[in-house]
Amino acid sequence: MRRSRYLRNPNALPHRLTRRDIEILKSIDRFKYLSSQQIADLFSLTRQAINKRLKLLFHHHYLGKLSGQLSPNLFNSPCSPSGLMEQIK
């Protein structure tokens with residue numbers, strides 16, 4: 001059975017943030033909401049590459065997803081500006 005794209009995987013493998021992950025998170029924090037296509041364009045990545053990164057960031061609670069009624073590929077930061085962004089600076 002396929003897992004919903006809006007449910008996090010509780011058994012996600014450990015993940016170490018890369019510099020690019022941190023830059024992606026900073027961009028999303030700056031703009032508040034970005035689509036996967038906008039993030040791919042900002043970082044000159046293929047859709048496949050960015051989807052893989054975003055999936056990992058989502059499952060490890062670095063990113064949130066908005067309801068599919070708005071857009072299935074729209075990401076936001078679930079943390080307050082003083083939360084996660086202060087930790088990774």
Side-chain angles (χ1 to χ4, degrees):
M1 177 185 244
R2 184 175 171 180
R3 180 180 301 277
S4 168
R5 70 172 63 190
Y6 301 103
L7 296 177
R8 289 186 167 90
N9 182 355
N11 302 318
L13 297 174
H15 174 67
R16 182 176 295 170
L17 286 178
T18 65
R19 283 190 192 131
R20 181 173 284 154
D21 292 338
I22 292 169
E23 292 304 315
I24 290 170
L25 293 172
K26 286 180 181 180
S27 295
I28 293 171
D29 186 62
R30 178 175 175 224
F31 293 106
K32 304 304 175 212
Y33 302 99
L34 288 173
S35 70
S36 55
Q37 183 61 56
Q38 290 169 322
I39 298 167
D41 292 344
L42 277 172
F43 293 93
S44 301
L45 296 170
T46 64
R47 279 298 288 266
Q48 184 178 10
I50 199 62
N51 286 340
K52 181 180 176 184
R53 304 305 316 159
L54 294 173
K55 182 177 176 181
L56 286 169
L57 292 170
F58 172 74
H59 286 297
H60 287 88
H61 299 267
Y62 292 108
L63 288 179
K65 287 186 180 182
L66 296 183
S67 166
Q69 294 176 0
L70 296 174
S71 173
N73 296 317
L74 196 59
F75 293 85
N76 68 332
S77 175
C79 302
S80 68
S82 61
L84 174 65
M85 296 317 297
E86 290 300 317
Q87 295 175 23
I88 63 175
K89 286 183 181 173

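All heavy atoms count here, side chains included; hydrogens, waters and symmetry mates do not.
Taken to the nearest 0.5 Å, the CG atom of Asn51 stands 13.0 Å off from the CZ atom of Phe58. Taking CG from Leu17 and CD1 from Ile22, the interatomic distance works out to 5.5 Å, rounded to the nearest 0.5 Å. The line from CG of Leu54 to CD1 of Ile28 is 6.0 Å long, rounded to the nearest 0.5 Å.
The two residues Leu42 and Phe31 have their closest heavy-atom pair at CD1-CE1, 4.5 Å. When all heavy atoms of Ala40 and Thr46 are compared, the pair lying nearest together is CB-O, 4.4 Å.
The side-chain heavy atoms of Glu23 and Lys26, taken from C-beta on, include a pair separated by under 4.5 Å. By the 4.5 Å heavy-atom criterion applied to side chains, Ile39 and Arg53 are not counted as neighbours. Ile24 places none of its side-chain heavy atoms less than 4.5 Å from the side chain of Tyr62.
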(request) Could you give me the CA-CA distance, side-chain angles and deciding distance for Asp41 and Gln37, then say whether side-chain contact (heavy atoms from CB on, under 4.5 Å) is met? (result) CA-CA 6 Å; Asp41 292 344; Gln37 183 61 56; 2.8 Å; yes
